[in-house]
Asker: 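Pasting a structure here, questions to come.
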Amino acid sequence: MTPTLSIASLAPALPEIYLAAAICLVLLVDVFAGAAARRVTPTLTLLVIGVGAALTLQYAQVEKAMTLFSGMYVADPLATLLKLLTMLFVAIALLYSRHFLETRGLLKGEYYVLALTAMLGIFVIVSAGSLLTLYIGIELLSLSLYALVAFDRDSGVAAESAMKYFVLGAIASGCLLYGMSLVYGLTGTLLLNEIATALQGPPSLGLIMGVVFLVVGVAFKFGGVPFHMWVPDVYHGAPTSVTLLVATAPKIASFALAFRLLAEGLGNTADTWIQMVTIVAVLSALLGNVIAVAQTNLKRMLAYSAIGNVGFILFGFVAGTEQGYEASLYYTVVYVLMALGAFGAMLLASARGFEADEIEHYKGLHARDPFLALILMALMFSFAGVPPLVGFWAKLQIFQALWESGHLALVVFAAAVSVIGLFYYLRIVKTLYFDSPGDLPVPERHGAVRLALGLNALAVVLLGLFPQTLIELCVQALG
Amino acid sequence: MFVQLLFYGFSAILIAAALGVIVARNPVYSALSLVLAFFTSAALWLLIEAEFLAIVLVLVYVGAVMVLFLFVVMMLDINVEEIKRGFTRYAWLGWLVSTVVIAQMAAVYGLRNFGVDASITVARSPADHSNTRELGEVLYTQYVYPFELAAVLLLVAIVAAIALTMRRRPGLKPQDVAKQVAVRRQDRVRLVKGVRAEGVSPEGEGRGEAP
């Protein structure tokens, strides 16, 4: 078989091809710009992402799913939506982090290049049609993130957390590869759609063994209990701007990984993995929310909150229905939007020598910076799932999906852990408004970033008041 | 029969070598055990007719990677006792866990569930089959996408390595090639009109102190 390639037939893969070329461009411009690189590279990177989004919208849209590169690449509406969202989220994250990087002496071209390669990794996972591309995408994303976590070379904590992330990530990759090799051995193909057709009938014990390792790998990348150990340490140890990157767009990649691998590739043997995913989801939702209560560090608290939210994302997979996946996708997007705002506000509240990562650093923020306090309050209410905000609709979608697939007990359980979550989110609001500020510093003003952050919080409010747009977008993408 | 004998022989050596990697006290022995493990896996690959991969494994891993690794291990002068102290203390836990895992895997991978007939069998190729050629044919056609992505992965590794290790130390005196090339005679050589001291004979020149 000799597949023929023409330039026109490659159009659906334009985002990846463009991004790979753009990464080289940014790398070269950064080297040759010399002293001006500090100003040029961040702007150029945002420009590159903007052009990428325009090209994706213009040329890479597909009506229905199609494959390229001998089936290794899948282009479908879901992939296009997730890529556009990834570009949006990474661009916002980079916009938020610029002044943070500048004041810490971390503003280097490599930071932006590694952020772009992480984005390419997410793209590859999102469009993966075979186990091979899925794995390469994961490695591309993870390697970039490991390096970013260690980016502040003078920080011992950052180096330590990067090391933990790297070692645990390598073990996770090993598990994933082992599971993939078993599935490959039993089906004789790497292509996900062929695996789906090959796996009819009752699963063999060997296949279940493979699926166990695949689920372990997926749970690791998600940060689901009991494979969550890296999450708090990485969130805490990494520079806040990197935490922002790690906590947001890669969640989309994790969703895509779970969806492509479990729902699409192993969809016919869903019984094998739903049980395991249920255990991971229940433990994550419980442990994440309970341990978050005991945290005094905001980054660690948000890390455990991330673990709890991963539990909710996985509940959509537990439902195992079309509606469940839609709810999961919607929850992922909403969560990332809120996490962007929360870590963005942390970046804005910090200053050189003042990381603003302890909860007590936010005492009486209202008196020092009412705007920032308002934004954080809106985000915390949304995280907690208070009705008019978008976080409420995300939780509701998950509840509905669980309800309609007959998981009554899980609905009750999810509602109960949401109430626990309410406590520690509202504690932040109390700190913001009712504690005395003492002599804590007043955050600096950064006009553009404040505007972006304001829009971010506004999106959380507006998407909560008019939830239908985003929900329909998710339904269309998966339909 | 002979092939089976070879397979079990090499497998046994491979397992022993892999064990050697983790239990050897001296890190140099560990690295050498890893070399042995690579060699035996290459032999196993030869048995399943993956000649090209087998040769590449020996060339790349044994020839390049492991040699570099050995150099690093020898240069670092690692205090083995320090590292291994925790190892012996927690060894019982490791043995316990690995015994349980091995028992579980043996139960799953028993011939009943995972025998030859359970996995996909591949037809043997004729003797003149060249899998180097085969790889060359699919690498840039069928597998062009993952192949190019692997290249990007290497780029990331380079960028990350440079970003994490290159630092400008104060007081470092690097060479500036442009300046070296542009240097003129006047910058370096200064002709001084010497004043010959009284009472020194011309023959004595050059035997004095070094300038």
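In this text the structure is predicted, and so the values were computed from the model without any measurement. Every chain is numbered from 1 and lettered A, B, ... according to where its sequence line falls, protein lines coming before strand lines.
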Asker: With rounding to the nearest 0.5 angstrom, report the CD1 to CG distance, B:I158 to A:L27.
Answerer: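 Reported value, rounded in 0.5 Å steps: 9.5 Å.
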Asker: Does the side chain of A:T117 come within less than 4.5 Å of B:V159's, by heavy atoms?
Answerer: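 SC-SC contact between B:V159 and A:T117 ruled out.
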Asker: With a 4.5 angstrom heavy-atom cut-off, is it the side chain or the backbone of A:V113 that approaches chain B, or both, or neither?
Answerer: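 Only the side chain of A:V113 comes within 4.5 Å of chain B.
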Asker: Is A:F166 atom CZ crowded by more than 12 heavy atoms from other residues, nucleotides or ligands, each under 6.0 Å away?
Answerer: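 Atom CZ in A:F166 is not packed in, count stays at 12 or less.
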Asker: Determine the interplanar angle of the A:F69 and B:Y145 rings, folded into 0 to 90°, and report it as parallel if under 30°, tilted if 30 to 60°, perpendicular if over 60°.
Answerer: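 It falls in the parallel class, under 30°.
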Asker: How about A:Y178: does its OH atom have over 12 heavy atoms from other parts shown lying under 6.0 Å from it?
Answerer: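 Check passes, neighbour count above 12.
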Asker: Contact part of A:L68 toward chain B, heavy-atom cut-off under 4.5 Å: side chain, backbone, both or neither?
Answerer: neither
Asker: Any heavy-atom pair between the side chains of A:M209 and B:Q104 that's under 4.5 Å?
Answerer: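 They are not in side-chain contact.
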Asker: What residue, out of B:L153, B:L155, B:T165, has the most heavy-atom pairs lying under 4.5 Å from chain A?
Answerer: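 When all of B:L153, B:L155, B:T165 are compared, B:L153 has the most.
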Asker: Rounded to the nearest 0.5 Å, what separates atom CD in A:E16 from atom CD in B:E148?
Answerer: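 Atom-to-atom, A:E16:CD and B:E148:CD are 13.0 Å apart.
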Asker: Working to the nearest 0.5 angstrom, can you tell me the gap between B:L164 CG and A:D152 CG?
Answerer: 11.0 Å
Asker: Contact part of A:L114 toward chain B, heavy-atom cut-off under 4.5 Å: side chain, backbone, both or neither?
Answerer: side chain
Asker: Minimum heavy-atom separation for B:A163 to A:R153, with atom names?
Answerer: O-NH1, 3.3 Å
Asker: With a sphere of 6.0 Å drawn around CD of A:Q275, does it hold more than 12 non-hydrogen atoms of other residues, nucleotides or ligands?
Answerer: no
Asker: Flag yes if more than 12 heavy atoms outside B:M66 fall under 6.0 Å of its CE atom; otherwise flag no.
Answerer: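 More than 12 within 6.0 Å, yes.
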Asker: How about B:Y61: does its OH atom have over 12 heavy atoms from other parts shown lying under 6.0 Å from it?
Answerer: no
Asker: Report which part of A:T133 has an atom under 4.5 Å of a heavy atom belonging to chain B: side chain, backbone, both, or neither.
Answerer: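 Contact with chain B: side chain only.
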Asker: Heavy-atom pairs under 4.5 Å with chain B - which of A:L148, A:I136, A:I208, A:I17 has more of them than the others?
Answerer: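 Highest number of heavy-atom pairs under 4.5 Å: A:I136.
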Asker: When you look at CD of B:Q180, are more than 12 heavy atoms from neighbouring residues, nucleotides or ligands closer to it than 6.0 Å?
Answerer: yes
